[in-house]
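Predicted model, so just to flag it, every value in this text is computed and none were measured. Lettering follows sequence order; numbering is per chain, from 1.
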Amino acid sequence: MPDCTFYTTAIDYTNAAPHIGHAYEKVLTDVLTRFERLRARPVFFLTGVDQHGQKVQQSAEKEGLSPQEFADRCTVQFIELWKKLGIHYDGWAATTHPIHKRVVQKILQRLHDEGQLYKQAHRGFYSVRQEQFLTDKERNEAGEFGPEWGQVVELEEENWYFKLSKHRDWLLNHIDTHDRFVIPAFRKSELRNAVEKLSGDLCISRPKSRLNWGIELPFDTEYVTYVWFDALINYISFAGYFSEGGENLPRFESLWPAAAHVIGKDILIPAHGIYWTIMLHGMGFPDLQIPSFLVHGWWNIGGAKISKSLGNTVDPNVLVERYGAAALRYYLMADIVTGKDSDFSEERLRGRYNDELANNVGNLLNRTLNMSARYKGSVLRNIAVDHELLHSLAVTEFPQAVAAYFAAMGDYQVDAALRAVIGLARFCNQVIESIAPWKLAKDTAQSDLLDAVLYHLAESIRVVAILLEPVLPDAARGIFRQLQINSEPQLADAVWGVLLDGHILGAPTPLFPRLEAPAEVG
RNA sequence: GGGCCUGUAGCUCAAUGGUUAGAGCAGGGGACUCAUAAUCCCUUGGUUGGGGGUUCGAAUCCCUCCAGGCCUACCA
């Protein structure tokens, strides 16, 4: 078993600028990773870019660049965005990297040596314009290939194939016997249906005469590797598989199998659920070494899916500039149920941020620190006072919120985890209204109760900060600074009673300034 | 055509076959003054898409129809 939790994301295709869906997947994985770090468990987060393939080659040609130049230029956009969003990854998978090429070629060579690959001629209809073979799927209702394909010729071409179908029954059994193989469960049944229909093998090559932007087959240099076969291997090539040492890669045995490949619903079938899983099995990985998939949904816009042709793409860079990384991260985690689709709305982004972070959490911190400074000189006293509501906060609400948070995070339900945290903060605001510390401050006989209220609030806020850390790492540290806690947030401290008697709180500064709608443009 | 999924308050979502289907936001009314015009309380709002069935009991299980999404295909 691995001793380090390994999360990966899909690697993004360097053919277009990142959109909100790319950002969501990386933030989600970043949050899962930070959660592991927060509880002091070793974790490795791998993400990257998929740079080979026909579309990159074509786009590069259009702009008069080499494929590498084009891919590099696109790659920078992703790296810059991850920096802005605070995505803290441990490994970067770029498929044009020599390490990756070497591993892909070693795998291919071995599969070839073991007789798992074969060469076969394929005769079919080929679109010269689109540079691809057409199947019956591409025929229109009249049974013809439409004008969008340009000149269509019938030709014969030899290619290399991976014996996929002989693993079909194994895969069905694996699906049936491994509950967490695909999360959420309904995606698993979709995959199962697809596998049952599986027939035929996987073409893993492209002749160089058609496409040369790829990894050369080591045993047949007239061909390059099909882009999916190449790309999927990033999950192991950058995790140290077949490492020769000295490459600054992690130790493969400590990572594998991945706790979750975080992917979108569009690439479960067939790419990951069938191709990748069978590739691993073909390479000799036993059942226990087969990774799991966490399949997330899509952000729609106005009910329609994001597409360049509809022109409804949302540039995450614009959102970060407009609202900040924290607001975007929070919204992307809070307003979608992991696995399902959601509708993107800037109004909801502002609404949830203002209500839940600014008005609820931020203001709770602010009013608590203010009252402490005003009434108690910012000195926290841990005094035992018998008070029903405070008792219920410390003994019931607090542990329940922490437990709900853990349960939700364990199921990748970040939205539910956040609800638990916000609920705790909300309860604290209710406690304040109910006890009204400003009234206690006018009566010296109530001094101990006033101290107790402030202590309970500070403790709750401290843990709210810890629990928010995976989603809002900077804000969590901001809360710690205002509370004048010098340690780093960690889940081991998400228990009651850590702040000491006599602890001095800091001065309040609005932590989540309210967001306004951008001014209407023209 | 087939398969999978979804349908719960205006919106986003809860509710493991078990009290009178809940929460947040939005809407309405009020209170408070520590605070980021924040907060708190009360409140409006439901034929759980329709219909039928199983059950002592159904949002939940079964059938059917409707609406939507995704996948896939002339062999279910």
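- Looking at His22(A), its side chain does come within 3.5 Å of a backbone N or O of His19(A) through a donor-acceptor pair.
- The environment of NZ in Lys55(A) is sparse: at most 12 heavy-atom neighbours from other residues, nucleotides or ligands sit within 6.0 Å.
- One can place CD1 of Ile461(A) at 14 Å from C1' of U36(B), the figure rounded to the nearest angstrom.
- For the C1' atoms, the distance linking C34(B) with G29(B) amounts to 25 Å, nearest Å.
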TODO: Go along nucleotides 25-34 of chain B 5' to 3' and tag each nucleotide: B for a protein heavy atom under 4.0 Å from its base, S when only backbone or sugar atoms are that close, - otherwise.
DONE: S------SSB

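- In this structure, the ring-ring contact (aromatic ring centres under 6.0 Å, His included) partners of His122(A), at least two apart in sequence or on a different chain, are Phe133(A).
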Ignoring hydrogens and angles, write down the donor-acceptor pairs under 3.5 Å from the side chains of residues 411-433 of chain A, residues two or more places apart or on other chains.
{"from": "Asn429(A)", "atom 1": "OD1", "to": "Arg367(A)", "atom 2": "NH1", "distance (Å)": "2.7"}
{"from": "Asn429(A)", "atom 1": "ND2", "to": "Asn360(A)", "atom 2": "O", "distance (Å)": "3.4"}
{"from": "Asn429(A)", "atom 1": "ND2", "to": "Asn360(A)", "atom 2": "OD1", "distance (Å)": "3.2"}
{"from": "Glu433(A)", "atom 1": "OE2", "to": "Arg367(A)", "atom 2": "NH2", "distance (Å)": "2.7"}

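- Side-chain atoms of Asn363(A) lie closest to A35(B) of the nucleotides A35(B), A14(B), C41(B).
- With both ends at atom P, the span from G18(B) to C75(B) equals 41 Å, rounded to whole Å.
- Comparing the P positions of A9(B) and U48(B) gives a spacing of 10 Å, expressed to the nearest Å.
- Enclosure of atom CG in Asp386(A) is not indicated, since only 12 or fewer non-hydrogen atoms of other residues, nucleotides or ligands lie within 6.0 angstrom.
- The gap from the P atom of G68(B) to that of U55(B) amounts to 35 Å, rounded to the nearest Å.
- Of the residues listed (Glu190(A), His296(A), Arg187(A)), the one engaging Lys265(A) in a side chain to side chain contact (heavy atoms under 4.5 Å, CB included) is Arg187(A), and it is the only one.
- For the P atom pair drawn from G30(B) and G49(B), the interatomic distance equals 36 Å after rounding to whole Å.
- For the C1' atoms, the distance linking G17(B) with C56(B) amounts to 12 Å, nearest Å.
- Using a 4.0 Å heavy-atom distance criterion, Ile269(A) is classed as making no nucleic acid contact.
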List the atom pairs, with distances to 0.1 Å, where a side-chain N or O of residues 470-478 of chain A and a protein N or O form a donor-acceptor pair under 3.5 Å, not counting sequence neighbours.
{"from": "Arg477(A)", "atom 1": "NE", "to": "Glu488(A)", "atom 2": "OE1", "distance (Å)": "3.2"}
{"from": "Arg477(A)", "atom 1": "NE", "to": "Glu488(A)", "atom 2": "OE2", "distance (Å)": "3.2"}
{"from": "Arg477(A)", "atom 1": "NH1", "to": "Glu469(A)", "atom 2": "OE2", "distance (Å)": "2.8"}
{"from": "Arg477(A)", "atom 1": "NH1", "to": "Pro473(A)", "atom 2": "O", "distance (Å)": "3.0"}
{"from": "Arg477(A)", "atom 1": "NH2", "to": "Glu469(A)", "atom 2": "OE2", "distance (Å)": "3.2"}
{"from": "Arg477(A)", "atom 1": "NH2", "to": "Glu488(A)", "atom 2": "OE1", "distance (Å)": "2.7"}

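- Which of C13(B), C11(B), C4(B) sits closest to the side chain of Arg348(A) comes down to C11(B).
- Take His387(A) and apply the ring-ring contact (aromatic ring centres under 6.0 Å, His included) test, not counting sequence neighbours, and it matches no residue.
- Taking the C1' atom of each, U43(B) and C5(B) are spaced 37 Å apart, rounded to whole Å.
- Between the P atom of C5(B) and the CG atom of Asn300(A) lies a distance of 20 Å, rounded to the nearest Å.
- Residue Asp266(A) contributes atom CG, which lies 11 Å from atom P of U72(B) at whole-angstrom precision.
- Each of Leu81(A), Val31(A), Ile87(A), Leu85(A) was scored for a side chain to side chain contact (heavy atoms under 4.5 Å, CB included) with Lys26(A), with one residue passing: Ile87(A).
- For the C1' atoms, the distance linking G46(B) with A21(B) amounts to 8 Å, nearest Å.
- With 3.5 Å as the limit, one finds a donor-acceptor pair spanning the side chains of Tyr323(A) and Arg350(A).
- Note on Gly351(A): nothing from the nucleic acid sits closer than 4.0 angstrom, heavy atoms only.
- In this structure, the CG atom of Asn360(A) is 16 Å from the C1' atom of A37(B), given to the nearest Å.
- Looking at RNA chain B, the stems built from 3 or more consecutive Watson-Crick or G-U wobble pairs, each pair with its key distances under 3.5 Å, are B:1-7 with B:66-72, B:10-13 with B:22-25, B:27-31 with B:39-43, B:49-53 with B:61-65.
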